[in-house]
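Written below as structure tokens is the structure these notes are about.
A quick note: this is a predicted structure, and the numbers were derived from the prediction, not measured. Atoms within a ligand are numbered from 1 in the order they appear, just like the ligands themselves. Only this structure's heavy atoms are used, side chains among them; waters, hydrogens and symmetry mates stay out.
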Amino acid sequence: MEFFIDTANVDEIKKLNDMGLVDGVTTNPSLIKKIGRDHCETIKEISSFINGPISVEVIAIDSNSMINEAEKYVKWGKNIVIKIPMTPEGMKAVKILTKKNIKTNVTLVFSAMQALIAAKAGATYVSPFVGRLDDIGHSGMELVAQIREVYDNYEFETKILAASLRHPAHVLESAMIGADVATIPPSTMLKLFKHSLTDSGLAKFLEDAKSWQK
Ligand code: G3P
């Protein structure tokens with residue numbers, strides 16, 4: 001399973017990348033707003049040290065404008081993936097971008113039927129939003145499992161990118177279902193290391209080492 005980091009914060013990306021945990025990056029307009037930096041400058045900086053895919057989201061709502069935006073964004077880095085919302089105009093854009101060999105990530109996916117449509121349009125990635133479904137009392141993981149089954153039934157190559165993940169259990173469950181990628185916020189990524197038995201075991205080893213260290 002690949003791990004993408006779900007942030008536009010360059011310092012956080014660098015920190016987790018140094019630990020070997022960053023296979024790619026996903027951003028969206030809200031994450032760009034959160035860092036308060038220039039969009040283009042930020043993506044170019046991320047692309048200067050990340051070789052994996054970097055998702056950049058369009059803000060246009062009609063397909064022609066989405067395509068124009070996509071063609072601008074792909075010049076910002078070496079492995080830019082265009083994030084397109086799950087709308088009819090969005091799927092028109094995905095079809096055209098796919099023909100132009102521009103990679104896409106269909107975002108804001110909340111049903112397996114939407115994921116099927118995205119795959120039929122030729123999307124490179126599909127992003128089911130797990131946490132946001134959980135928030136309204138549905139099961140985000142059930143959605144990931146349904147998409148896995150549908151894609152396997154028809155051997156679609158579209159990769160399942162589990163998104164809106166809020167805690168390590170979301171990452172583990174996505175891996176067990178067979179999602180291709182998990183995009184994970186930095187704070188959750190750091191929690192993947194944690195186990196109380198690791199902490200207490202290490203504390204005991206360090207304490208015992210004092211007895212024989214000079
Ligand atoms: O990549 C977008 C997605 O991960 C959003 O997450 O926490 O805003 O629901 P969240």
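- Grouping the Ile, Leu, Val, Met, Phe, Trp and Tyr side chains by contacts below 4.5 angstrom, directly or via other members, places Leu31 apart from Ile80.
- Salt bridge status for Lys14 with Asp18: absent, with no side-chain N to carboxylate O gap under 4.0 Å.
- Cluster note: Ile59 groups with no other residue, as no ILVMFWY side-chain heavy atom lies under 4.5 Å from it.
- Not less than 6.0 angstrom separates the ring centroid of His138 from the ring centroid of Phe129.
- The ring pair (Phe, Tyr, Trp, His ring centres under 6.0 Å) search around His170 returns His167, not counting sequence neighbours.
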Need the list: ligand 1 N/O atoms against protein N/O atoms, distance under 3.5 Å, rounded to one decimal.
from: ligand 1; atom 1: 1 (O); to: Asp6; atom 2: OD1; distance (Å): 2.9
from: ligand 1; atom 1: 1 (O); to: Asp6; atom 2: OD2; distance (Å): 3.3
from: ligand 1; atom 1: 1 (O); to: Lys83; atom 2: NZ; distance (Å): 3.2
from: ligand 1; atom 1: 4 (O); to: Asp6; atom 2: OD2; distance (Å): 2.5
from: ligand 1; atom 1: 4 (O); to: Ser164; atom 2: N; distance (Å): 2.8
from: ligand 1; atom 1: 7 (O); to: Arg166; atom 2: NE; distance (Å): 3.4
from: ligand 1; atom 1: 8 (O); to: Arg132; atom 2: NH2; distance (Å): 2.8
from: ligand 1; atom 1: 9 (O); to: Arg132; atom 2: NE; distance (Å): 2.7
from: ligand 1; atom 1: 9 (O); to: Ser164; atom 2: OG; distance (Å): 2.7
from: ligand 1; atom 1: 9 (O); to: Arg166; atom 2: NH2; distance (Å): 3.0

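- Here Val81 sits in one hydrophobic cluster together with Phe4, Tyr125, Leu161, Val181; the rule is ILVMFWY side chains under 4.5 Å apart, joined directly or through other members.
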